[in-house]
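A short worksheet on the structure shown next.
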Amino acid sequence: MTSNDSTNAPSQPGHVRTVVVPAAGLGTRFLPATKTVPKELLPVVETPGIELIAKEAAAAGATRLAIITAPKKTGIMGHFDKHPELEETLAERGKTEQLDRVRAVDGLIDAVAVEQERPLGLGHAIGLSEQVLDDDEEAVAVLLPDDLVMPFGVLDKMIEVRKQYGGSVLCAFEVDPEDVSKYGVFDIEPSDDPDVKQVKAMVEKPDVEDAPSNFVATGRYLLDRQIFDALRSTKPGKGGEIQVTDAIESLIEQGHPVHIVVHHGARHDLGNPGGYIRACVDFALRDDTYGPSLHRWLNKRVAEENALDSFEETFQEN
Ligand code: G1P
């Protein structure tokens, strides 16, 4: 665990001290890899997803990362521990680049574990983080580690929007209407601003025909502290789980302002192998070391695949 002296700096309006990372899931879609390796430690090129999240949180000014873990899912916290033997060996061998990579998390953020004993839902996981907050923290950010929202920086925009309107602010993407059932979906006030919209209601994973829009929640939440009271009185919802979407909806019903920041960049879903592979390719293509040769190889490989497709098409036609 790292420590950071600024953890207890006075809370200022518009400043987020704690970022909550729900990471108690079993990662069943990645079995057998996740039998022993937490999904959040799988590398995107060489950096584990949890470190990308820690960097994003620190860049937004947060000093505490509250990681919600499950019993026996201990490896994640170990990633934030010092590893003196490894560092010594790398230093002795003059491997400075690798040493820098190992030390990248030192002092980055104060990672603290909060155990979720039973998988009772995202809302329940977020609710548990209240115990690590200081009394003067007025808001908390939640970053879902399955969602990579690129380029980084959407949290800064969300903090600005909360400064302007108060309440809670969520990141939204516009998705194809047929995909809405995988997400929390917003009912929004029409407005001329393409980037910031007020939310009238929110519903978790509706059927396509019942969805109020195709603007969906994508793993970045800036929640007023009132969310914890709302979560306490939230009953199990979709999938029998306590849903943060339902708690946000109850805040809206009480007149609490909720806005979305519509993100126009890219998004990767690290929660399933298909999305994870795309994220790895995307990051690797941008990488100075791996990018150029991967690009050449991909072009060749895709050309082979296209040639095969057109051969099959011709064969079927005849
Ligand atoms: C969760 C939330 C959902 C949100 C989604 C974003 O669902 O419950 O509202 O849209 O994350 O990734 P999950 O993907 O955990 O089922």
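In listed order, ligands and their atoms are each counted from 1. Treat the numbers as computed from the prediction; the structure is a model and nothing was measured.
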So [Y] and [X], do their side chains get closer than 4.5 Å, heavy atoms only?
| X | Y | answer |
| --- | --- | --- |
| Thr47 | Val45 | no |
| Glu87 | Asp106 | yes |
| Arg267 | Leu148 | no |
| Thr245 | Lys238 | no |

Closer than 4.0 angstrom: is that true for some heavy atom of Thr245 and an atom of ligand 1?
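A heavy atom of Thr245 does come that close to ligand 1.
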Is ligand 1 less than 4.0 angstrom away from at least one heavy atom of Met202?
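Under 4.0 Å: no for Met202.
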If we count only non-hydrogen protein atoms and require a distance under 4.0 Å, does atom 14 (O) of ligand 1 qualify as touching the protein?
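Neighbour list for atom 14 (O) of ligand 1 is empty of protein heavy atoms (cut-off 4.0 Å).
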In terms of relative ring orientation, are Tyr276 and Phe30 parallel, tilted or perpendicular, with 30° and 60° separating the classes?
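Rings of Tyr276 and Phe30: perpendicular, over 60°.
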Identity and distance of the protein heavy atom lying nearest [atom]:
| atom | answer |
| --- | --- |
| atom 2 (C) of ligand 1 | Glu204 OE2, 3.7 Å |
| atom 16 (O) of ligand 1 | Lys205 NZ, 2.7 Å |
| atom 11 (O) of ligand 1 | Leu144 CD1, 3.4 Å |
| atom 12 (O) of ligand 1 | Asp147 OD2, 2.8 Å |

Per-atom contacts of ligand 1 with Arg267, taking only distances under 4.0 Å to non-hydrogen atoms:
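Counting from 1, the qualifying ligand atoms are 12 (O).
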Chi angles and distances behind the side chain to side chain contact (heavy atoms under 4.5 Å, CB included) call for Leu122, Tyr221:
CA-CA 12 Å; Leu122 178 59; Tyr221 305 74; 4.2 Å; yes
Residues Asp224 and His256: side-chain donor-acceptor under 3.5 angstrom:
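No, His256 and Asp224 have no side-chain donor paired with an acceptor closer than 3.5 Å.
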Closest candidate by heavy atom, reference atom 10 (O) of ligand 1, pool Cys171, Gly219, Pro22, Ala217:
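Of the listed residues, Ala217 has the closest heavy atom.
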